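A quick write-up on the structure given underneath.
To find a chain, count down the sequence lines: A is the first, B the second, and so on, and within it residues start at 1. Keep in mind that this is a model prediction, so the values were computed, not measured.
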Amino acid sequence: MTENNADYDRLLELRDELQEHNYRYHVLDAPIITDGEFDRMLAELRAIESQYPEWITSDSPSQRAGGGISDKFEKVTHPAPILSLANAFNGEDIRAWVERISKIDAGVLDAEFVIEPKLDGLTVVLHYENGLFVRGATRGNGEVGEDITINLRTIPSLPLRIPVNQSGPAAPARLVVRGEVFINLSDFEELNRRQMEAGEKVYQTPRNTAAGAVRNLDSTVTATRPLRLFVYTIIDSSAPLPTTQIEQLELLKNYGFPVNPETAHSHNINDVIQICENWEPKRDSLGYEIDGLVIKINDLDLSARLGTVGKDPRGAMAYKFPAQEVSTKLLDIGVNVGRTGVLTPFAILDTVEIGGVNVRQATLHNFDFIKDKDIRIGDRVLVIRAGDVIPYVVGPIVEARTGSEKVYSPPEVCPTCGQAVSHIEGEVAWYCTNSSCPAQVVRNIEHFVSRGALDIEGLGIKIVEQLVDAGYVSNISDLYKLTEEQLLALEGFAEKKAENIVSSIDASKEQSLDRLIFGLGIKGVGEVVGASLANHFGSLDRLMEATQDSLESIDGIGPNIAAEIVDWLSLEANQTVLAELKSEGMWPVLEKADDETRPDNLAGMTFVVTGTLPNFTRSEIKKYIQNLGGKVTGSVSKNTTYVLAGENPGSKVTKAEELGIRVLSPEDFAAMVDHE
DNA sequence: GATCCTCGAGTTCG
DNA sequence: CTCGAGGATC
């Protein structure tokens, strides 16, 4: 038995030493022995363990190699909900947040804030009982995650037992922490190099690779992935919790958890904003991907008192870096049918987060765009959020092709009505020419009721579709024949809603002639041309008598648009619609503007507006400038007099600076209007 | 005929 | 915001 005891003592010694060296190597990044020595010690431990399998414990360093294949992961209910965070995209958002919460609790006014990098990885929840790592789970839906304990055990920096060394504080009976699993960029490249050499598939992003590894059913595969961990929150503990986030991080570090050293803190909100805004250049030198920063109130009691809004705690905020290029997989290409019958292809993407929103779709503009860029289904494509709002596919990443991508061919029939599509020589667009194509009918009515046209409140896409499906409406004049009884028969309609819709349709009879002309949906006739037609003809009766020549004489209308208008008016179906509008009393005539009293402070000036203005919406400011005799256009050119720039202005400001055009702030503009 | 400008049309997510 | 295309201008 003495030999037996000696073996056991050696085993305990090896376990402790290996744990310490592992910690020094993977957490402190300061090894004191060589890899060879480590491997020899590990081999010795394994030898003893194979002789006495009953001595193997779950926290033995030998257990990091993985082993055992699961067929599924068990569900784990988290001890407390794993919360998400509200997003801020700029300094103003941060300021607004602090202002908001300081009204709830004045303690915020002199609170300290802690800033931590927000890793682009996977959230995990780790459970320790009497210092032993017993369970690890994915975030899941925030309430219930999946048990991935055997995979997490393979992560070298994850402590299997805390405290990792004797100098650490004693472990509480129960401790649950939250952390993030991720892969370093250099490790990721190295992994891909190995994969390529072995003729295996190459991974796309560190994040997706980490996600896949952590949920791999074979933990020996997980063990070969260079996963790392940072821990940042105690979710539950049987011991009293620290009172500040800084102390919490310190405690986690002392237990032996890997804790991100890149933190900052400040009492001054201006400094916090400065730190956030200055962080981006530093981003590339971190060695791992982050998608922003997390700002937390240091005082954890104060933070808890502030409570939550939905699933977002009020005491913390995610500061997201500005939109950037992201790559994702193009799963398929879909086709929309527009109001005019134009077929527009759009990308169906593997959902990807860009600038804080999940993007699933992006326009591909037209079929030539797909062909010119050689975009194939299955390609990895580069996606950016243009103007910070609309996702835009830049092009394929040709180097990432595997050979299984499929060249896309445009549809030969309309995806909605099945009729053959047509194409006009020299034009890019392909059309569905079936004027009773359901997609076109719906889109046309949508356009008619939209804000810029007749602005019929309560009628959205959904309800328009419902009305068309029910057979109540097949063109714009049918709207005026709708009755409350008809609407009540539809799903989701009660008296109030039916009443509101009928009355707002009725109210639209008071709308102006230019809006009605625009609403008709004649190709080439938008807001501007609609307004010039209204001004020129004064009524629909006179517009109906318009000829090619009389139309071409109007400024802004050439032979093409004139022909479109003449064609539209000559169609019998359209004549019927107009006749019905007239008999329903939807027949506005031009109200002569009172030129005498109209101010013209801004006469002769052309404005371009960009960004968000404090006191106006886009259409309000447009109207305001026009009422003062000014012109508003969409793009900056040398004809532009001023560019009016609000909050978060777009590229128009740069363009204006290039052309030497004066850029006005909202204050400049207000002063100018006041003065003149 | 070339070039610049403006307009129209379609567009994402929550 | 983007792109295409029509219109105006030289």
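Per the geometry, CZ belonging to A/R360 stands 8 Å off C1' belonging to B/dC13, to the nearest Å. The CD1-P distance, from A/I561 to C/dA8, rounds to 9 Å in whole Å. Regarding A/Y431, its OH atom lies at a distance of 12 Å from the C1' atom of B/dG10, rounded to whole Å. In this structure, CG of A/L551 is placed 14 Å from C1' of C/dG7, rounded to the nearest angstrom. B/dA9 atom P lies 21 Å from atom CH2 of A/W430, rounded to whole Å. In this structure, A/Q361 places its CD atom 5 Å from P of B/dC13, rounding to the nearest Å. Across the protein-nucleic acid pair, A/N444 atom CG and B/dG8 atom P stand 16 Å apart, rounded to whole Å. If you measure from atom CZ of A/F518 to atom P of B/dG8, you get 8 Å, rounded to the nearest angstrom.
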#### Entry: Derivation and outcome, side-chain contact (heavy atoms from CB on, under 4.5 Å), residues A/L533 and A/I565
CA-CA 10 Å; A/L533 288 172; A/I565 297 169; 3.9 Å; yes
#### Entry: side-chain hydrogen bond (donor to acceptor under 3.5 Å, both in side chains) evaluation trace for A/S665 with A/D668
CA-CA 5 Å; A/S665 70; A/D668 295 337; 3.2 Å; yes
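For A/D555, the side-chain atoms get nearest to C/dA8 when compared with the rest of B/dT12, C/dA8, B/dG10. Listed nucleotides C/dG6, B/dG8, B/dA9 differ in distance to A/N560; the shortest reach to its side chain belongs to C/dG6. Each of B/dC7, B/dG10, B/dA9 was ranked by its minimum atom distance to the side chain of A/V528; first place goes to B/dC7.
Between A/G558 and A/V609, the one whose closest nucleotide on DNA chain C sits nearer the 5' end is A/V609. Annotation: of the two residues near DNA chain B, A/H365 and A/T640, the 5′-most nearest-nucleotide partner is A/T640.
OP1 or OP2 of C/dG4 sits under 4.0 Å from a side-chain N or O of A/N366. Close to B/dG10, at under 4.0 Å from its OP1 or OP2, lies no side-chain N or O of A/N336. The side chain of A/R339 places an N or O atom within less than 4.0 Å of a non-bridging phosphate oxygen (OP1 or OP2) of B/dA9. Phosphate proximity of B/dC7 to A/S532: absent, as no side-chain N or O sits under 4.0 Å from OP1 or OP2. Between A/Y392 and C/dC3 there is a side-chain N or O to OP1 or OP2 distance below 4.0 Å.
Side chains of A/D541 and A/W587: a donor-acceptor N/O pair is present below 3.5 angstrom, by distance only. Side-chain contact annotation: A/N434 with A/S436, donor-acceptor N/O pair under 3.5 Å present. No hydrogens or angles considered: nothing links the side chains of A/Y642 and A/T606 as a donor-acceptor pair under 3.5 Å.
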